[in-house]
Undergrad: 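If you scroll down you'll find the structure; I have some questions about it.
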Amino acid sequence: MSTPHSLWETAAMPDAPAPRSPAVPDKPSLDGVEDRWAGVWAEQGTYAFDRTRSRAEVYSIDTPPPTVSGSLHVGHVFSYTHTDVVARYQRMRGREVFYPMGWDDNGLPTERRVQNYYGVRCDPSLPYDAGLVPPHSGEAKSVRAADQQPVSRRNFVGLCARLTVEDEKQFEALWRRLGLSVDWSHTYQTIDEGSRAVSQKAFLRNLSRDEAYTAEAPGLWDVTFQTAVAQAELEARDYPGHFHRIAFHRSDGGGPVHVETTRPELVAACVALVAHPDDERYRPLFGTTVTSPVFGVELPVLAHPAAEPDKGAGIAMCCTFGDLTDVQWWRELNLPLRSVVGRDGRLVRETPSWLTAPAAAQAWAELAGKTTFSARAAVVDALRATGELDGEPVATQRKANFFEKGDKPLEIVTSRQWYIRNGGRDVSTDGPAGRDLRGELLARGAELAFHPGFMHVRYENWVNGLNGDWLVSRQRFFGVPIPVWYALDDAGEPDHDAPLVPAEADLPVDPSTDVPAGYVEDQRGRPRGFAGETDVMDTWATSSLTPQIAGGWERDDDLFSRVFPMDLRPQGQDIIRTWLFSTVVRSHLEHGSLPWSNAALSGWILDPDRKKMSKSKGNVVTPLRLLTDHGSDAVRYWAASARLGTDAAFDETQMKIGRRLAIKVLNASKFALSLGAADADADVTEPLDRAMLAGLAGVVDRATAAMDSYEHTTALATTETFFWTFCDDYVELVKDRAYGGHGEQAAASAHAALSRALDTLLRLLAPFLPFATEEVWSWWREGSVHRAAWPQAAPLRAAAGDGDARMLGVVGQALAGVRRAKSQAKVSMRTDVPRAVVAAPAADLDLLRAAAADLRGAGRVDDLQLVAASHELTVRDVELAEVTPR
RNA sequence: GGGCGAUUGGCUCAGUGGUAGAGCGCCUCGUUCACACCGAGGAGGUCACUGGUUCGAACCCAGUAUCGCCCACCA
C-alpha cells in the first residue's frame, strides 16, 4: 500500500479530530427551508426597519406596488428579486433598510374587477350606504353594465378594499416565500385613505403654487371609457384605413381641388384646406375659398408650414379635429370650432349650425348618431352619389393613437381638464414667468443615477418629446377625486377660475358628497351654491407619490425625514415615461429634489422564442409553480443572473443550476464543518490555505465593487466561480490534512482557513440564496446571516499573510492533470498513483513545491516529481496502480 | 424617420486593447468514503459583416445587415 493510501486511512480513524456541531443534519436538504425561515424571519423581525436610525444610516427603497387585481407573474419575481438582492446587500453593509410594500388598487384594472366580482358600478352621485350588500360576490367574467347595481364611491372603494385584501394576502405569501426582505409592517394601498390624502394634498399644493391648473382645450379622448387620456398613456398602433380622394369646389368656378383623406366622415367638421406656403400647385389658391363636397360649406384655402407637400395630395382638410396637426392649424390659423364627433364617439344628433344648405341638412340626417365607423361608410356613399369621390378608396395601413387600455382609436374633443405642469409646454408660456421647467426636469434626470446608465437616454427622449402639460383629470368614477368645488353664480354657472378647496386637515375629501366650507349640502347644484368636481385623478397622479405615501410625508414627519429622498427606485423600463418621470415631477415641484438617487431598471422576461413573455404564458408558468418545483433560491438565482436593463430568457435550466448551487452550499458546508471548520481560530500557516484566503480577499473586493455599482450579476458570478473552485479543488486538496494526516498544526491551519472561507462565502451568497445560506448559518453561527456584516477583504488578507492567490489555480491545474490521466485510463479517481511528473515554469514550481503534500494527498500520488519547463504546466508520466478487482 | 440596446460554441450568457471563457446540452469515465438534485475528464467558436486606428481588436472608430425596444408618423 502506498503512503497516500495510508494517509487516507488516517482520515477515517475514529480518534481523528472531526468536531461536528450537533446542529448539522446528516442529510442536508432544501425541503421546507422557505416556510421554515420565512417563519423565523417574521417571528424575529429580521427585516424590521429601525426608525431610530438617521437618514445617513438608512437605505430606503421606493418599492413598486404591484397591481393587486391581476396576478403576479414571472416578470414580477424577476424584477423584485433584483430589488431584494440590493436590499439584502445594503443591510449587510450596515445600512438600515427601509423596504416597504405597496399594493396598487387604484385604477381601471381594479375598477373592472370590482364591477364584475360584485356586480356593481361606481356612481359618485349616490350617498353612502352603510348596509350595502352587493348583488353577488365571486369571480365573473363580466357583468353587463345594465345589470350592475350603482353604488356610492365610498361603497365602491370599500368593496375594492374587501376584494383586494385577499389578493394582498396571496401576494404577500408569495413574496415571503420568494424571500423578499420586506418589512411587512410598512404597507400601503394606492386607494387607501392615507394615499388619497397624500394625493389630494400634493395636488392642492400644486394648485396653490400655480403648478396645477384647469383649462378647456381640445385633447385626446377615449370614446369607450369616455375619458380624456394623457400623452403618457398613448400607444400608436397600426390601424387599417382607406385613402379617399374627394373633390372640393373652387368658389371662383375653377376646377375641383382634390384632397386625400382617411377620415371622410369629418368632411362636415372641415374648417379649411391647408397646403405648404411654398407649394406651387396650391399657391394660387391661398386666400381664395372652396366649398366642401356633399355639405357645400364655404372654406378658406390657407398656407401653413406644417402641411407636407408629399403627403396625400399635398393639401389637407383641416377638421376640428381629426388629428393633432389639426389642433395646431386650428390654433395658429384662428379657425372656427366645428365639432361633429361627440364624447360617445358618435356624430352629434343635432344638425350642426354651419350646415345651412337644405341638402347639407338632409345629408346630415343620414349621419346623425352614427359611430364614426358607420358614418364613414355613409359619407362615402354620399360622395359617390354626388360624383365627388374620385376613384375608389385605396386601402392603407395607418398609425393611430390608442389609449393603451382601449381598443378604439382616440378622438380629439374639446373639454375642460386639469393639468399639472411638467415642462411639456413652450418655455415662454409655461407657468410662473420665465421658469424653464423642462430644463429643470432634464437636470434632475441628469442628477439621477440610472442603472444601467443608458436608460437615462429614454428619460431625456421622453422629456424632450413632451408636447403638453400632464393631463391629470379623468372622467371616471373610481379613483382619487380631484379635491375641489366650484362656486355657482346667479345663473348656476361654475366659476372654474377660483375653485373652492378643502383644508388640508380635512383630507381626504370627496367633493361629490362632502361640502366646501361656508356651504351646506342643500346648496349643491343650486345658483349661488356650489358644485363638486366630478373628475378623479389619473392613477399616476397618485402613483407618482409613492415615496411620500410610503415614507409618511405630512403624516409622520419623523419617519419621512429618515427615509426621503429615497435611495432606490426599482421599476420596469416601460414605465420610465410614466411612473419614473411623474415621480420626479412631483418631487421636484414639492420638495425641490429628486425623489431618490438611484433608479434600477429591470428588463423583460422573454419566451424561449424571444418574444416578450405573454400574459397567457405568464399564467401557465405561475410563480408559485416555479418556487415549488425549483425552490426559491433556485428561482432567485435565475433572476439574479440577469443584469439590470437586460432582457432575460425564461429558462428553467438556469433554475436547476441555481438549485444545484444551493444544494452544494448545504453539502459543502456540512463537509467543511465536519473537517473542523466549526472550531477554528488558529493562525493560518500553510501556504495553500493562505493562498486560498488571498484569492477570497480578491473575490470580496470584486463582489463589493460590483454590488456598489448595481452589477449584482458580476458579484454572483465571481463568488460562484470561486465557490466551485473552493469545493472542487481546495477542499479536496486539504481534506487529508484537515483530518490530521500532516500533523496538528497543519490541520489547525486548514480548520482556520475553512472556517474563514465558509463564513465569508455564506455572507457573499446570502443576498442571492437567502434560504440555503441561512440554513447553514444556523448550524454554527448565532443570529441571522442576513443581519451579519458583509465581508471585508482586509481581515482575510491579514490572515492570508504572504499567501499567493495564484497558488490554488496552479495546484488545481496539476491536480486536474492527474485526474485527466485517471479519467483517460478509465479508472477511479481513488486509484493510487505511484509516480507522476509535473513540468512547469519555475515560478509555478515554487508554488507547487509549497503545496506538494496537499497535492499528493488529493491525487493519491506517492512519488511526485516537479521538473522545470519553459511553457505551460503539464502533468505526464502518471503511473497508475493496479486496480484491485472487487 | 430619430434614438437606445443586442449580435461570442447547439442553448443561455460572461468577457471593454495583450494566447477565445463559463454553465447547460453532448461524448467518455467514475462513484457505498460531503454531495446521483453527484464527481472527473473531453469534444465543440475564423467573437454578424466590411473597412479603419493600433505592434496587437470580440473589445476602440466609421459604415452595413439582422433582431428587440422607445419616440415620432392619422391629409
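Letters go in sequence order (proteins before strands), and every chain restarts at 1. Values below: every heavy atom of this structure, side chains too, minus hydrogens, waters and symmetry copies.
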Undergrad: For residues A:Phe402 and A:Tyr239, establish whether the separation of their ring centroids is below 6.0 Å.
TA: yes
Undergrad: For A:Phe243, report the nucleic acid contact type (base, sugar-phosphate, nothing); a contact means any heavy atom under 4.0 Å.
TA: sugar-phosphate
Undergrad: Show your reasoning for whether side-chain contact (heavy atoms from CB on, under 4.5 Å) applies to A:Val229 and A:Trp221.
TA: CA-CA 6 Å; A:Val229 170; A:Trp221 184 270; over 6 Å; no
Undergrad: Toss me the dot-bracket line for RNA chain B: Watson-Crick and G-U wobble, both under 3.5 Å, 5' to 3', using | for pairs to another strand and [ ] for crossers.
TA: ((((((((.[[[[.)..(..]]]].((((((....).))))).....[[[[[..)....]]]]])))))))....
Undergrad: Can you say whether the rings of A:Phe726 and A:Phe722 are parallel (under 30°), tilted (30 to 60°) or perpendicular (over 60°)?
TA: parallel
Undergrad: Between A:Arg643 and B:G15, is there a contact of a side-chain N or O with OP1 or OP2 at under 4.0 Å?
TA: yes
Undergrad: Considering just the side-chain nitrogens and oxygens of A:Arg819, establish if one lies under 4.0 Å of OP1 or OP2 belonging to B:G42.
TA: no
Undergrad: For A:Trp724, answer base if it contacts any base atom (sugar-phosphate contacts may also be present), sugar-phosphate if it contacts only those atoms, and nothing otherwise; contact means non-hydrogen atoms under 4.0 Å.
TA: sugar-phosphate
Undergrad: Expressed as a whole number of angstroms, how long is the span from A:Lys735:NZ to B:C35:C1'?
TA: 10 Å
Undergrad: Could you tell me whether A:Asp728 contacts a base, only the sugar-phosphate backbone, or nothing, with contacts defined as non-hydrogen atoms closer than 4.0 Å?
TA: sugar-phosphate
Undergrad: Is there a side-chain contact between A:Arg577 and the phosphate of B:C71, meaning an N or O under 4.0 Å from OP1 or OP2?
TA: yes
Undergrad: Contact class for A:Gly465 (heavy atom, under 4.0 Å): base, sugar-phosphate, or nothing?
TA: nothing
Undergrad: Could you pick out which residue, A:Arg659 or A:Cys727, lies toward the 5' side of RNA chain B when each is mapped onto its nearest nucleotide?
TA: A:Cys727
Undergrad: For a quick check of understanding: with a heavy-atom distance under 4.0 Å over all strands, which category does A:Ala717 fall into, base, sugar-phosphate or nothing?
TA: nothing
Undergrad: Name the residue closer to the 5' end of RNA chain B, choosing between A:Ala307 and A:Asp729 according to the nucleotide with the nearest heavy atom.
TA: A:Asp729
Undergrad: Which part of the nucleic acid does A:Ala313 contact within heavy-atom distance under 4.0 Å: base, sugar-phosphate only, or nothing?
TA: nothing
Undergrad: Using a cut-off of 4.0 Å on non-hydrogen atoms, how would the nucleic acid contact of A:Ile663 be classed: base, sugar-phosphate, or nothing?
TA: base
Undergrad: Ignoring backbone atoms, establish whether A:Lys27 has a side-chain N or O less than 4.0 Å from OP1 or OP2 of B:C35.
TA: no
